[in-house]
Amino acid sequence: MRPTLTRLSKSLLPSLREAPKDAQLPSHALSIRAGLIRQVGAGLYELLPMGRKVLRHIETIVREELDAEGAQEILMPGVLPAEYLRESGRWESFGDVLCRFKDRKGADLALSPTHEEIVTDIARRELRSYRQLPVMLYQVQTKFRDEPRPRGGLLRGREFIMKDAYSFDVDEAAALQSYERMRKAYTRIFTRLGLDFRVVDADSGAMGGSRSAEFQILARSGEDKLVTCSACAYAANAEVATSGTAEASAAASATAATAATGPGSIPAMTRVATPGVTDMQSAIAALGEGHTLDNALKTLVVEHQGKPVALVLRGDHELNLVKLSTVLGAPVALASRERVQALVGANPGSIGPVNFPGRVIVDPQAAALAHTSCGANETDAHLVHVVYGRDYEGEITDIRMVEAGDPCPRCGASLSEHRGIEGGHIFVLGTHYSKKMSAHFTDENGEELPFVMGCYGIGMTRLIAAIIEQHHDAAGIRWPASVAPFDVVLVPISKRAESEEVVTALSESLREQGLSVLIDDRNERPGVKFKDAELFGIPLRVTLGDRGLEAGQAEVTERRSGETTAVALGDAAAHLKRMHLGLMQGLE
RNA sequence: CGGGGUGUAGCACAGCCUGGUAGUGCGCAAGCUUUGGGAGCUUGAAGUCGGGGGUUCGAAUCCCUCCACCCCGACCA
């Protein structure tokens with residue numbers, strides 16, 4: 001296929017000098033200003049020609065890498081009959097995220113938020129023997145999730161385009177191999193896209209996944225918090241990250257408890273009146289000298305199976321709800337203040353683990369406090385000289401949010417925090433769906449076994465935004481050469497008679513070199529063309545003006561560095577090809 | 001779901017408090033001049049002032065209501 005040649009004067013590439021005020025993130029503002037997208041509704045966008053081209057280039061890279069791993073592309077419907085989702089239980093469990101509706105016959109349908117059920121149905125109908133496995137199927141398709149809060153343009157839409165892949169294997173070991181193949185393919189994909197990313201340990205969710213990793217694109221505007229180790233390869237989503245402190249302090253807590261029960265140590269637990277105290281800060285103040293956030297207990301309450309559960313943390317630490325949900329085996333949220341009052345019978349500011357009327361879960365670092373204070377489970381009262389093991393007990397489990405500076409759980413070096421955009425997520429699902437949906441194959445012993453599945457997603461439209469987040473400057477986008485909508489933009493600004501011929505000849509030579517070309521043939525002043533070329537972010541710009549043409553030269557400007565060089569017209573195409581090859585270094 | 005905010009021309013906004021013929025800049029169309037970093041002058045087109053209801057002689061403006069969109073939060077007792 002010949003590379004494209006587009007004349008700007010005949011194209012729908014609407015650039016805007018100002019961004020709509022709604023667009024706050026650089027990627028959002030630039031994708032509108034550069035004419036990639038327009039908003040249709042909350043979380044709904046059109047891709048205009050420039051945006052579509054970039055998506056096409058991302059798709060090509062994704063397809064090349066997946067096909068290279070033997071994955072096969074399919075296309076599943078965007079509308080799902082409810083029966084499939086009822087089989088897996090997700091018709092209910094998706095909640096409001098699932099957009100449900102009825103057809104003319106009154107049958108329940110949903111806009112597909114993902115496709116595990118349908119692809120599992122393909123497997124159970126079409127795959128029968130272990131001889132057919134492994135199988136990896138994927139599609140590039142529109143998803144709809146009625147997100148509570150879409151934001152940032154393409155970063156979190158309600159409708160978005162996703163590449164989703166699904167693997168079917170004979171057993172867990174084979175599934176892990178498929179998972180590892182995808183991990184490598186994803187690494188190549190994200191590298192080719194020019195992204196600075198980290199592969200991090202991630203929550204595999206309540207859906208029975210045994211292993212998962214996220215491909216996180218580093219960006220200030222990222223919605224996810226990550227921690228990475230400065231010394232070793234440890235990297236994790238903060239939702240699941242642990243720190244070396246957890247193990248160390250579990251040991252310390254045992255020691256502290258022993259020491260405290262010995263003679264002549266900490267005084268007996270004492271009740272103190274704390275009128276009007278409703279939070280940690282005021283409790284510390286009321287207790288007076290020697291009491292600080294980091295030597296007091298903070299006790300939060302969740303309601304689980306109708307009963308209160310106390311969560312005990314060090315006062316200055318933060319609860320990790322994802323870890324807690326894993327411990328409890330179900331998603332939970334903190335009980336409201338009113339609910340706490342009803343369940344425990346005390347103001348939420350005066351809750352504590354001592355004689356708590358329910359299950360008590362203690363973070364190791366809270367248990368490690370040798371001598372501490374807490375609420376008395378009685379409004380306006382607290383306890384001091386509280387010791388774990390002597391005055392209260394509980395299940396010691398890590399439920400704390402890791403912080404920057406904590407020791408790495410693998411090597412002990414300091415952890416640092418980043419923010420990331422989740423660009424991809426890979427899971428080993430196991431037999432969760434295949435069991436529920438009776439998707440079986442026959443193994444070599446003639447036995448019927450459920451497929452061991454994996455699933456692998458990439459947020460295709462989100463990647464457009466993520467790439468811009470990482471590749472822009474004050475003037476506009478700076479596309480990595482691998483995904484740029486065009487390779488070269490030709491900017492004729494000469495009125496000379498030969499200009500049109502030069503433009504035509506040069507653009508033909510560029511196409512022969514395999515480069516796609518955008519010609520800015522608008523009747524605009526040079527400044528306007530330069531500004532737009534920079535806004536569009538096309539990697540290479542060729543300026544054809546009187547200055548150069550008189551000397552038989554073109555001026556070549558690299559978008560990323562801003563460097564300009566003069567090149568003889570006859571050599572220009574070859575020169576640009578070489579520059580383009582240089583820009584593609586590391587992106588193939 | 002909770003809180004905050006915004007809806008006036010394609011985009012950015014003023015006008016609203018204190019009711020009286022709907023404005024500015026950019027963009028768009030035409031003309032002349034201009035032409036290496038978002039040109040100048042002239043002329044012109046373009047708005048159900050988010051929708052509905054109410055008050056009033058009269059509503060973009062005041063009141064009620066609905067809708068849409070944006071931001072923050074949804075975890076500290």
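Below, read A as the first sequence line, B as the second, and so on, with proteins coming before strands; counting in each chain starts at 1. This one's a predicted model, so the numbers in the text were calculated from it and none came from an experiment.
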Query raised in the report: Using atom P of each nucleotide, how far apart are B:A9 and B:A22 to the nearest Å?
Result: 15 Å
Report summary line: CZ of A:R33 to CD of A:E18, rounded to nearest 0.5 Å, is 8.5 Å
Query raised in the report: What is the distance, rounded to the nearest whole Å, between atom NE2 of A:H28 and atom P of B:C69?
Result: 13 Å
Query - Whole-Å P distance, B:G10 and B:A77 - result: 49 Å
**Report entry** Approximate separation, where rounding is to 0.5 Å, of A:T557 OG1 and A:E563 CD
**Finding:** 10.0 Å
Query raised in the report: Are A:D363 and A:R314 close enough for a salt bridge, meaning some N to O gap below 4.0 Å?
Result: no
Query raised in the report: Within a reach of under 6.0 Å around CG of A:N355, are more than 12 heavy atoms found that belong to other residues, nucleotides or ligands?
Result: no
Query raised in the report: In whole angstrom, what separates A:K21's NZ from B:C11's P?
Result: 10 Å
Report task. Could you work out the separation of B:A46 and B:U24 based on their P atoms and round it to a whole Å? Result -> 15 Å
Query raised in the report: Side chain of A:K495, backbone of A:D546: donor and acceptor closer than 3.5 Å?
Result: no
Report task. Give, for atom CZ of A:R541 and atom CG of A:L576, the distance between the pair rounded to the nearest 0.5 Å. Result -> 12.5 Å
**Report entry** Nearest-angstrom distance, P atom, B:U33 to B:C17
**Finding:** 49 Å
**Report entry** Which residues share a side-chain contact (heavy atoms from CB on, under 4.5 Å) with A:A241, sequence neighbours left out
**Finding:** A:V227, A:Y234, A:A236, A:V402
**Report entry** Note: A:D473-A:R559 ion pair, threshold 4.0 Å (strictly below)
**Finding:** yes
Query - Verdict with supporting geometry, A:H472 and A:S27, side chain to side chain donor-acceptor pair (under 3.5 Å) - result: CA-CA 8 Å; A:H472 72 271; A:S27 61; over 6 Å; no
Query raised in the report: Expressed as a whole number of Å, how far does the C1' atom of B:G47 sit from that of B:A12?
Result: 16 Å
Requested in this report: Please give the nucleotide sitting opposite B:G38 as a Watson-Crick or G-U wobble pair, both distances under 3.5 Å, or none.
Outcome: none
Query raised in the report: Atom CD of A:Q39 and atom C1' of B:G7: how far apart are they, to the nearest Å?
Result: 13 Å
Query raised in the report: Rounded to the Å, how far apart are A:E147 CD and B:C69 P?
Result: 15 Å
**Report entry** Salt bridge A:D224-A:R419, side-chain N to carboxylate O under 4.0 Å
**Finding:** no
Query raised in the report: Which part of the nucleic acid, if any, lies within reach of A:A283 when heavy atoms closer than 4.0 Å are counted: base, sugar-phosphate only, or nothing?
Result: nothing
Report summary line: Reading nucleotides 36-50 of chain B from 5' to 3' and marking B where a protein heavy atom lies under 4.0 Å of the base, S where only the sugar-phosphate is that close, and - otherwise, the string is BBBB-----------
Query raised in the report: Across the strands shown, which category fits A:A335 at heavy-atom distances under 4.0 angstrom: base, sugar-phosphate, nothing?
Result: base
Query raised in the report: Given atom CD of A:Q24 and atom C1' of B:C71, what is their separation to the nearest angstrom?
Result: 6 Å
Query raised in the report: When all nucleic acid strands are considered with a 4.0 Å heavy-atom cut-off, which category describes A:V277: base, sugar-phosphate, or nothing?
Result: nothing
Query raised in the report: Rounded to the nearest 0.5 Å, what separation is found between the OG1 atom of A:T6 and the CD1 atom of A:I519?
Result: 8.5 Å
Collect all protein-nucleotide pairs involving nucleotides 73-75 of chain B in which both atoms are nitrogen or oxygen and the distance is under 3.5 Å.
residue, atom, partner, partner atom, Å
B:C75, O2, A:L319, O, 3.3
B:C75, N3, A:E318, OE2, 2.7
B:C75, N4, A:E318, OE2, 2.8

**Report entry** Residue mapping more 5' on RNA chain B - nearest nucleotide basis, A:T278 or A:K495
**Finding:** A:K495
Query raised in the report: Atom CG of A:N523 to atom C1' of B:A30: distance rounded to whole Å?
Result: 14 Å
**Report entry** Whole angstrom value for the distance that separates P of B:G10 from CG of A:L13
**Finding:** 21 Å
Requested in this report: Please measure how far the P atom in B:G54 lies from the corresponding atom in B:C28, and state the result in whole Å.
Outcome: 43 Å
**Report entry** Spacing of the C1' atoms in B:C11 and B:G27 (rounded, Å)
**Finding:** 7 Å
Report summary line: Mate of B:A68 across any strand shown (Watson-Crick or G-U wobble, both atom pairs under 3.5 Å) is B:U6
Query - Separation between the C1' atoms of B:G19 and B:U55, rounded to whole Å - result: 11 Å
